Amino acid sequence: MKQNNYKKILVLHGGFEAGDSALSHAINLANLSNDTVTILHIVNVPTYPIESISNKIERVELQKKLHDTALHMKKTMEQEFQKKIKKYNKKKVKISLVITMGPTLQKILEYEKKNNFNLIVMAKSKGSRSVESRSVVGGLTIKLLEQLRCPTLMLDVPASAKFIATR
Amino acid sequence: MINTNAFSNILVTYVKPTNKETAFNMGLSLAKSSHAKLSVVEFLQTEQPEFLFFKSKNNKKKENKQKHLVEDALKKFEEKAKQENVDLKTSFKSTETLVDSIIQYVESNKIDLLIVDHPHMSHSEETHYNDVVNAIHDEVKCNMLTLK
């Protein structure tokens with residue numbers, strides 16, 4: 001019988017508890033056949049309608065501040081994820097971490113295209129944020145499902161909006 | 001937090017009768033490695049009869065042909081599962097609403113992993129099946145593996 005050849009697993013982690021569940025599941029799956037797991041987290045650079053500020057110096061300063069905020073977020077998330085990876089060190093799974101900055105959908109699709117993954121694991125959490133999302137899966141999830149080129153394991157996770165860096 | 005142990009009750013189903021082997025093989029392989037129960041359910045979407053309420057001979061012939069094809073495929077799956085010592089349950093159901101039937105089956109049988117193949121075909125067909133898969137994703141209350 002052809003075994004499940006999921007040698008390279010990508011976990012999309014949004015920084016919420018739901019992502020932790022996806023990670024645990026991916027590691028359990030990888031543990032069955034000594035696969036590798038890559039955690040991908042995208043930090044969104046905060047946006048502001050900069051054109052509305054007429055003073056050039058203020059505009060540049062604000063842009064710098066927004067970029068610094070994203071960099072700080074990236075560092076914090078790196079520390080948080082390293083703690084998580086340490087937890088799973090006992091298992092025979094090789095875990096790597098990739099954190100990038102930019103628009104989420106674009107960055108995920110780019111990363112998936114560059115690296116040939118066999119399986120993508122992510123969590124869908126209904127009811128975590130807005131009223132609309134309590135009944136339907138978010139727009140990003142649907143776009144990813146349609147555009148990703150490899151099999152996707154979507155985990156159904158109870159609502160929880162706790163951000164891991166705030167614990 | 002959700003249960004992160006291996007899956008215990010796996011369902012393989014199809015939104016379009018293509019790529020059958022891939023989805024079944026994946027389910028079989030996962031069921032074997034995690035000692036899970038495996039079910040394969042084929043939901044055949046009934047077409048609108050030619051004469052609105054009455055099925056013509058052609059309609060019946062077409063339905064019977066499809067039914068035989070599905071039954072043959074399911075028999076093959078059963079043999080394969082037997083060889084691999086996996087507990088397999090197969091069934092075949094006609095339905096008018098595919099998404100609702102899948103969701104109902106998942107809920108009533110306490111499925112914890114649903115495997116669905118995502119067919120890639122012509123643009124118009126792809127849009128239709130994207131909608132079907134998205135509708136299942138929206139409503140189903142279990143983990144879902146979408147194959148491509």
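Order of the sequence lines fixes the chain letters, A, B, ..., with proteins taken first and strands second; residue numbering starts at 1 for each chain. Given the structure is predicted, the values throughout are model-derived calculations rather than measurements.
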- Message: Starting from M73(A), can I reach L71(A) by hopping between I/L/V/M/F/W/Y residues whose side chains sit under 4.5 Å apart?
- Response: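 Yes; M73(A) is reachable from L71(A) via cluster members.
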- Task: Would you kindly confirm whether L12(A) and V98(A) end up in one hydrophobic cluster when ILVMFWY residues are joined by side chain heavy atoms under 4.5 Å apart?
- Result: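 The answer is yes; both residues are in one hydrophobic cluster.
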Give, for atom [atom1] of [X] and atom [atom2] of [Y], the distance between the pair rounded to the nearest 0.5 Å.
X       : Y       : atom1 : atom2 : answer
L155(A) : C142(B) : CG    : SG    : 10.0 Å
M154(A) : L113(B) : CE    : CG    : 12.5 Å
L29(A)  : S34(B)  : CG    : OG    : 8.0 Å

Please tabulate, for the side chains in residues 95-104 of chain B, all donor-acceptor contacts under 3.5 angstrom to protein atoms that are two or more places apart in sequence or on a different chain.
residue: T95(B); atom: OG1; partner: T97(B); partner atom: N; Å: 3.1
residue: T95(B); atom: OG1; partner: T97(B); partner atom: O; Å: 3.2
residue: T95(B); atom: OG1; partner: S101(B); partner atom: OG; Å: 2.5
residue: S101(B); atom: OG; partner: T97(B); partner atom: O; Å: 2.8

- Whether N143(B) side chain and D156(A) backbone form a donor-acceptor pair below 3.5 Å: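 Yes: the side chain of N143(B) pairs with the backbone of D156(A).
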- Message: Pair L145(A), T146(B) - check side-chain contact (heavy atoms from CB on, under 4.5 Å), show working.
- Response: CA-CA 8 Å; L145(A) 272 175; T146(B) 316; 4.1 Å; yes
- Query: Checking L119(A) against chain B: side chain, backbone, both or neither under 4.5 Å from a heavy atom?
  - Reply: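 Contact with chain B: side chain only.
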- Message: One pair to check against side-chain contact (heavy atoms from CB on, under 4.5 Å): L153(A) and M144(B). What are the steps and the verdict?
- Response: CA-CA 6 Å; L153(A) 174 60; M144(B) 186 169 166; over 6 Å; no
